[in-house]
Amino acid sequence: MKLDYSTIAAKWKEIWAETHLYKVHENPDLPKFYVLDMFPYPSGAGLHVGHPLGYVASDIYARHKRMSGFNVLHPMGYDAFGLPAEQYALDTGVHPAKSTSDNITRYRAQLDNIGFSFDWSRQVRTDDPAYYRWTQWIFLNLYQHYYDITKDKALPISGLIAHFGEYGSLQMNAACADHPPFSTEEWKVMSAAQKENILMNYRLAYRKKGYVNWCEALGTVLANDEVKDGVSERGGHPVIQKEMMQWALRVTAYAERLLNGMDVIDWSESLKAIQRNWIGRSEGAFIEFQLEQNNGQTIKVFTTRPDTIFGSTFLVLAKDHALVNEIISPAQKATVEAYIDRSKSKVSDVKAAGEKNLDGAWTGAYAIHPITKNKIQIWIADYVLSDYGTGAIMAVPCGDERDHAFAKQHQLEIVEVIDRSAFENASIEDKQGTLMNSDFLNGLSVEKAIQAILKFLVEQQLGTKQIAYKLRDANFSRQRYWGEPFPVYYDAEGLVHEMDTSSLPHELPDLDDFKPSPDGRSPLARLDAWARPSADRSLETDTMPGYAGSSWYFLRYMDPNNPNEFVSKKAVDYWQDVDLYVGGVEHAVGHLMYSRFWHKFLYDLGYVPTQEPFKKLVNQGMIQGVVESLILLKERHEGNAHFISADLIKTKGLTSEDFSAIPVHIDFVSAYGQPNSHLTGDGIQSFIQWRSEYGNALFEGADGKMYTTGDSNGAIIETLSEVGKMSKRYHNVVNPDDVIDKYGADCFRMYEMFLGPIEQSKPWDTMGIEGISKFLRKFWSLYFNEEGDWIVTNDVPQESSYKALHATIKKTNEDIERFSFNTAISQFMICVNELRKTGEQSSKILEPLVQIVAPFAPFITEEIWQQFGHKESVHKSTFPAHDEKWLVNTSKTYPVCINGKKRSEITLAIDIPEEEIKSSAMALPEIQKWLEGQVIKKTIVIPGKMVNIVV
RNA sequence: GCGGGUGUGGUGAAAUUGGUAGACACGCUAGACUUAGGAUCUAGUGCUGCAAGGCUUGGGGGUUCGAGUCCCUCCACCCGCACCA
């Protein structure tokens with residue numbers, strides 16, 4: 001049999017599908033293992049070589065676990081709802097439902113091509129009503145629960161209502177937005193609408209009016225993590241702050257648990273750091289400042305440095321702080337309004353520039369310093385954010401850089417309260433130094449002063465100890481068509497009513513015109529018959545954001561077709577949680593945060609047995625593309641464009657002033673990504689056809705070879721050569737199907753793994769793939785000769801072959817376990833080279849070798865395995881165990897006594913019988929004497945101290 | 001600015017607990033077979049030196065018999081957050 005990978009792959013793909021090889025069931029007799037990939041959203045572009053990197057790694061891991069006696073759940077599905085799918089549909093004019101399904105078909109074919117061991121019977125897609133009815137169901141649960149801080153869990157809202165009926169809002173320790181306190185009596189006389197408004201402050205899914213990230217171009221509101229540098233992450237459109245009525249999720253209620261949970265999960269430090277940073281916990285205090293008018297109103301500020309309170313010379317409020325309008329003095333009204341106008345017109349991209357914004361205005365009002373009783377001015381400024389802390393600060397110009405800059409800018413008083421003379425290098429914000437000008441705090445260290453002032457503030461009822469988080473509640477409304485409809489409706493008064501869970505799914509209606517409306521309403525709002533089923537009932541026309549469906553999909557895989565529950569108790573008790581999750585780091589604060597939040601919520605409700613959904617998480621790197629460009633001279637040649645081969649830049653002594661680089665589609669480039677990447681005559685023809693404006697261009701290069709700038713070694717070219725994302729824009733997308741056509745799926749898989757450590761990003765470089773291809777041919781040639789005859793015998797193997805095999809078994813086991821696939825592949829190469837060198841043909845060696853390689857190269861190993869006469873798939877076989885007897889170390893370390901004194905270690909070859917070495921009693925001269933007659937490769941003797949001998 | 005990470009040949013990278021640094025592969029050089037080679041095989045390939053040898057894991061310092069690995073310090077690069085009080 002000749003090596004014909006495409007025939008082999010086609011054959012086994014079919015057989016695996018027919019026999020449902022990778023189908024799994026709960027099996028209490030076997031330990032479970034759940035290997036999960038982040039499911040893709042099926043965009044129109046299809047998969048490129050970067051996508052499968054993580055999938056291949058997890059597939060190898062899953063296959064290995066399966067062969068090691070675990071019952072492995074390894075599913076795949078599609079994140080079909082959300083902006084990307086809809087945006088694609090908008091671009092192409094095809095209905096999202098159709099384009100999504102078409103794309104899924106294409107993705108599926110591409111995935112199958114790579115030989116993954118997914119159990120496709122468990123596929124989920126988030127746009128399937130049978131799936132999203134449970135997304136809606138979880139939403140309703142969030143709506144029906146609040147977070148009890150004392151019990152530290154979510155509880156039904158009915159308990160809260162009961163509490164209000166009995167105690168009013170007093171003693172209610174729950175996560176909520178600020179609202180005026182009320183008594184039992186007040187609660188009892190409230191109207192339904194008033195009660196509902198109160199409850200909205202507690203519900204975990206709630207409606208609120210507030211500033212949101214509004215993206216005009218996309219016609220929708222975006223979550224904080226969907227906004228990067230003031231523009232939308234998708235499309236790069238400007239985002240402004242707009243006030244709208246929106247659904248939101250009270251993720252802040254879980255901030256502390258989301259933070260603490262990270263201590264018990266096996267994620268990379270950097271990822272945990274990103275999440276910690278996003279949650280942004282800081283300890284400090286709320287301090288109340290009376291207004292000068294003394295009308296009972298106070299301004300509550302948040303500070304992490306209460307010790308500097310004596311240095312506080314003014315207060316600053318956010319521009320949309322609740323009290324702003326009340327306190328502005330008539331004299332300052334015009335100034336303040338002018339400032340607010342200025343500030344509102346500013347788009348958020350001022351932030352991106354990284355400038356400090358010191359704009360602000362004095363309200364004309366004063367507050368009373370709670371301790372010194374001094375009158376201090378109240379200002380409004382951009383640098384105070386309304387949604388962090390209390391939206392108000394006590395400015396301490398001597399202890400905070402921004403306050404300091406602001407004070408200078410507006411000529412406000414600066415009082416030094418920290419003596420830092422003992423700490424030369426301390427910056428203004430360091431917690432070092434001794435208090436001064438601070439009454440009873442004078443002379444205390446910063447640490448001690450914080451404790452002392454906190455005690456004082458609490459005793460005097462001027463403030464409380466508080467923890468603030470940067471984490472914001474998650475906006476949950478999208479003015480879009482392609483998403484889950486909210487299972488709620490509003491009555492004539494605008495009150496929210498839940499749909500009955502038995503009526504779910506609340507299906508997304510069909511629509512012809514799904515373009516966003518410029519007025520900020522969802523396209524569904526135009527569907528009057530649907531949106532207003534009766535005079536006193538209107539439906540929510542916004543839809544849920546992309547992360548809704550992806551926040552719990554890993555649970556659905558456990559029991560994907562259950563019509564009665566989102567997941568059965570039996571299934572979730574067996575599968576528990578995800579043991580290994582592989583995916584991109586780009587989901588660090590979006591998907592991974594929301595999933596953990598939903599999971600903890602479902603845990604509180606008793607639906608899932610674990611607090612954390614993903615025990616171990618591995619972030620695969622990105623496969624980057626090289627941008628190949630042709631050099632276009634600025635100076636034209638007889639009126640036509642003039643390209644030169646990149647190697648001529650140096651020859652001609654050109655500088656970057658003289659030319660520009662024009663990106664070339666990589667399909668035209670020979671030796672893509674290599675130092676000698678170039679266009680041949682055909683390539684030039686294709687280029688001209690592609691970019692017709694260069695039809696008459698002159699192409700100047702030796703032998704008609706036009707070198708491109710893909711070279712990363714060349715001096716001047718280096719600055720032109722770019723490595724970055726693979727994207728359509730740069731025409732550098734490598735399609736896995738093309739690679740597989742040329743080299744086969746096994747080679748593709750192994751090469752992706754061989755590129756380097758899985759977490760690292762690296763450019764796709766076609767050069768190295770030949771090495772893997774060569775290896776696979778060598779591997780094949782252990783089993784078949786050139787004529788294609790089976791050459792495996794039943795002879796007794798050579799000893800060296802056992803050694804090579806068992807070393808490889810051991811290393812492969814260890815390497816896969818620690819996610820080091822490149823080193824495992826290196827070991828295969830060593831083993832295969834060794835077996836070829838000695839001409840090993842024994843099945844005793846070659847049969848287990850197939851099993852070791854099988855997780856990496858599933859197709860050709862399956863083919864070879866059958867040749868041994870096995871009826872069952874190699875992927876159902878048991879991974880061979882290594883035998884220690886063949887793995888005697890080449891050297892062993894023994895403790896010895898050097899010169900009768902110091903205990904140290906000595907490295908000796910194993911050929912020296914162990915009993916010859918009298919443990920710790922052997923002195924240096926004895927060893928040297930014993931070694932006489934041995935072949936000594938290397939000896940390092942440090943007299944009186946240490947011997948290192950290699951025999 | 002804050003937080004996290006990374007620095008090893010011409011390249012991608014190994015070195016799991018401190019123990020012969022550079023495995024494995026790419027590339028390159030020479031040779032063999034060839035009409036030819038972008039096929040295959042063989043040998044060589046960290047730097048330096050004719051050699052013996054010397055030097056070598058971003059720089060400097062330290063601990064240790066022994067450091068790529070541990071500690072201190074400086075430098076460079078990458079990623080995340082960024083007016084968070």
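Each chain gets a letter, A, B and so on, in the order the sequences are listed, and its residues count up from 1. Just the heavy atoms: all of them, side chains too, but no hydrogens, waters or symmetry mates, feed the values below.
A side-chain donor from one of Ser282(A) and Tyr388(A) sits under 3.5 Å from a side-chain acceptor of the other.
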Pairs under 3.5 angstrom, nitrogen or oxygen only, protein versus nucleotides 13-17 of chain B, please.
from, atom 1, to, atom 2, distance (Å)
A13(B), OP1, Gln760(A), OE1, 2.4
A14(B), OP1, Asn822(A), ND2, 3.4
A15(B), OP1, Arg818(A), NH1, 3.4
A15(B), OP1, Arg818(A), NH2, 2.9
U16(B), N3, Glu814(A), OE1, 3.3
U16(B), O4, Lys811(A), NZ, 3.3

All N/O contacts under 3.5 Å from nucleotides 25-30 of chain B to the protein, with atom names and distances to one decimal?
from, atom 1, to, atom 2, distance (Å)
A25(B), OP1, Asn833(A), ND2, 3.2
C26(B), OP1, Lys774(A), NZ, 3.1

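The cationic atom of Arg596(A) (NZ for Lys, CZ for Arg) lies less than 6.0 Å from the six-membered ring centre of Trp267(A) and within 45° of the ring axis.
Glu586(A) places its CD atom 17 Å from the C1' atom of C81(B), with the value rounded to the nearest Å. Rounded to an integer number of Å, the gap from Lys470(A) NZ to C2(B) P is 13 Å. Rounded to an integer number of Å, the gap from Glu269(A) CD to G4(B) P is 8 Å. Asn277(A) has its CG atom 12 Å from the P atom of G80(B), to the nearest Å. The CZ atom of Phe286(A) sits 12 Å away from the C1' atom of A85(B) (whole-angstrom rounding). Residue Asp400(A) contributes atom CG, which lies 14 Å from atom C1' of C2(B) at whole-angstrom precision. Between His321(A) atom NE2 and A85(B) atom C1' there is a gap of 13 Å when expressed in whole angstrom units. In this structure, Ile758(A) places its CD1 atom 18 Å from P of G12(B), rounding to the nearest Å.
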Tell me, what's RNA chain B's dot-bracket, Watson-Crick or G-U with both distances under 3.5 Å, | for other-strand, [ ] crossing? (((((((..(((......[....)))((((((.......))))))(((....)))..(((((..]....))))))))))))....
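Among residues two or more places apart in sequence or in another chain, the ring-ring contact (aromatic ring centres under 6.0 Å, His included) test is passed with Phe775(A) by none. Applying the ring-ring contact (aromatic ring centres under 6.0 Å, His included) test to Phe856(A) and every residue at least two apart in sequence or in another chain returns Phe828(A). Listed by chain and residue number, Ala807(A), Thr808(A), Lys811(A), Ile830(A) satisfy the side chain to side chain contact (heavy atoms under 4.5 Å, CB included) test with Gln827(A) (two or more places apart in sequence, or in another chain).
For the pair Lys810(A) and Thr812(A), the minimum side-chain heavy-atom distance is 4.5 Å or more.
Looking at Asp263(A) and Arg276(A), a side-chain N of the basic residue comes within less than 4.0 Å of a carboxylate O on the acidic one, giving a salt bridge.
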Could you go through Glu834(A) and Arg836(A), starting from their C-alpha distance and side-chain angles, then the distance that decides it, and tell me whether this counts as salt bridge (charged side-chain N to carboxylate O under 4.0 Å, His left out)? CA-CA 5 Å; Glu834(A) 171 70 19; Arg836(A) 271 166 58 87; over 6 Å; no
Would Met593(A) and Ile274(A) count as a side-chain contact (heavy atoms from CB on, under 4.5 Å) here? Give the steps. CA-CA 10 Å; Met593(A) 190 73 85; Ile274(A) 292 171; over 6 Å; no
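Glycosidic conformation of G9(B): syn, with the torsion inside 90° of 0.
Comparing Ile274(A) and Phe302(A) by the nucleotide of RNA chain B whose heavy atom lies nearest to each, the residue mapping closer to the 5' end is Ile274(A).
Contact between the side-chain N/O atoms of Tyr383(A) and the OP1/OP2 oxygens of A85(B) is not found at any separation under 4.0 Å. At U40(B), one or more side-chain N or O atoms of Arg777(A) fall inside 4.0 Å of OP1 or OP2 (strictly under the cut-off).
Classified by interplanar angle (parallel below 30°, tilted 30° to 60°, perpendicular above 60°), the ring pair His410(A)/Trp379(A) is tilted.
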